[in-house]
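Take a look at the structure below.
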Amino acid sequence: MDRYERIIAMHRVLQTARRPVTVARLQDELGCSRATVYRDLAFLRDGLMAPLIGDGEAGFSYDKESVERFELPGLWLNSEELHALLAAQQLLSRSSGGMLSTALAPLQQRVEKLLDAHSGGKRWPVERVRVLPHRLRRMDEHAFRIVASAVLERRRIAFDYRARSTDEKTRRNVSPQRLTHYRDNWYMDAWDEDRNGLRSFSIDRITGARLLDGIASDVAEEELNSHLAGSYGIFSGAPKGWATIVFSAKAARWVADEHWHSQQQGRFLPDGRYELKVPYSVPRELLMDVLHYGSDAEIVEPHALREQARTLLQLALGNYQD
């Protein structure tokens with residue numbers, strides 16, 4: 001542990017301790033000599049202006065009246081936290097098709113400088129953190145920036161939206177509520193002012209975005225969750241039913257660890273198969289997920305959903321008939 005990390009660890013020990021901390025305990029926590037503990041305590045008190053009180057006999061602590069106002073200056077993270085932060089930055093940047101790289105560049109440079117301070121001149125192999133997007137859609141960077149600004153600054157926004165299902169283009173005026181990253185793609189949850197209701201918009205279908213005058217109307221978090229997060233996947237609306245899907249014993253090893261829905265119910269059957277129950281509103285995405293497992297998945301109920309799956313499979317089979 002270098003001095004940088006010792007100071008962080010020492011600060012956290014003193015910050016959380018209910019009684020004075022002895023030098024012996026600090027030696028044990030920091031893995032260093034008694035002399036090093038005293039030097040770090042002096043630097044913490046005199047160099048960083050920490051409200052440190054006490055002595056080597058009674059132990060050291062932070063002054064209770066001043067500790068709430070004291071923070072370590074700058075960004076103080078240990079090596080593991082810096083590595084995790086850099087990995088998260090890579091994930092966010094690459095899972096967005098690289099379009100956030102410019103916006104995140106200052107953060108990455110700051111993190112890399114802090115990592116260099118720990119490396120002793122050694123270069124960290126950032127390229128070993130790999131993110132492979134799945135079915136990533138092309139998205140207009142300008143549209144994303146306008147939407148993100150509107151969400152964070154609580155501004156109204158106008159844009160053209162081309163629906164994927166009908167290809168119809170409409171002009172929308174909305175009050176953005178939040179950004180949602182789902183399956184490698186970005187969505188905006190918003191209050192549609194013309195339709196007087198909550199809607200989810202895929203940002204890759206947005207063009208001509210611009211900020212409007214006026215503050216965005218806020219929708220209560222409970223209502224957002226009820227309307228937009230209560231159903232399966234990204235489709236909005238209250239769940240209209242529950243689906244029961246049974247997976248083969250081979251697929252059960254994966255499905256049992258998967259998160260399909262916050263209210264899902266799952267159990268292993270006596271023969272090793274896995275039964276999963278999930279609420280859903282619009283069946284389209286649920287059917288796609290189930291059919292992804294091919295013969296290893298069977299929709300047991302409801303009957304209507306089972307028949308929809310059967311129809312889709314028959315249509316698919318028709319493509320392979322001579």
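This is a predicted model, so every value here is computed, not measured. Sequential numbering from 1 along the given sequence is applied to the chain's residues.
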Rounded distance [0.5 Å steps], [atom1] in [X] versus [atom2] in [Y]:
X: Tyr161; Y: Arg199; atom1: OH; atom2: CZ; result: 11.5 Å
X: Leu211; Y: Phe159; atom1: CG; atom2: CZ; result: 12.0 Å
X: Leu313; Y: Gln308; atom1: CG; atom2: CD; result: 12.0 Å
X: Leu14; Y: Leu41; atom1: CG; atom2: CG; result: 7.0 Å
X: Gln15; Y: Ser61; atom1: CD; atom2: OG; result: 13.0 Å
X: Arg310; Y: Leu312; atom1: CZ; atom2: CG; result: 12.0 Å

Between Arg34 and Thr36, does the side-chain hydrogen bond (donor to acceptor under 3.5 Å, both in side chains) criterion hold? Intermediate values first, please. CA-CA 5 Å; Arg34 185 179 181 87; Thr36 298; over 6 Å; no

Electrostatic pair [X]-[Y], nearest N-O below 4.0 angstrom:
X: Arg162; Y: Asp204; answer: no
X: Arg156; Y: Glu193; answer: yes
X: Asp296; Y: Lys250; answer: yes
X: Arg6; Y: Asp40; answer: yes
X: Glu221; Y: Arg178; answer: yes

I'd like to know if the side chain of [X] reaches the main chain of [Y], judged simply by a donor and an acceptor atom lying under 3.5 Å from each other, with no hydrogens or angles considered.
X: Ser175; Y: Ala216; answer: no
X: Gln177; Y: Val219; answer: yes
X: Arg69; Y: Glu65; answer: yes
X: Arg306; Y: Ile299; answer: yes
X: Thr311; Y: Glu307; answer: yes
X: Glu223; Y: Ala220; answer: no
X: Ser202; Y: Arg205; answer: no

State which residue, out of Phe43, Phe60, Tyr62, fulfils the ring pair (Phe, Tyr, Trp, His ring centres under 6.0 Å) condition with His11.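 The passing option is Tyr62.
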
Would you check, one step at a time, whether the test salt bridge (Lys or Arg N to Asp or Glu O under 4.0 Å) holds for Asp194 with Arg172? CA-CA 7 Å; Asp194 299 321; Arg172 310 308 261 285; 5.9 Å; no

Can you hop from Leu291 to Tyr280 via hydrophobic side chains spaced under 4.5 Å?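 Linked within one cluster.
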
Could you identify which residues cluster with Tyr320, counting Ile, Leu, Val, Met, Phe, Trp and Tyr as linked when any side-chain heavy atoms lie under 4.5 Å apart, either directly or through a chain of such contacts?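 Taking Ile, Leu, Val, Met, Phe, Trp and Tyr as members, Tyr320 stands alone, with no cluster partners.
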
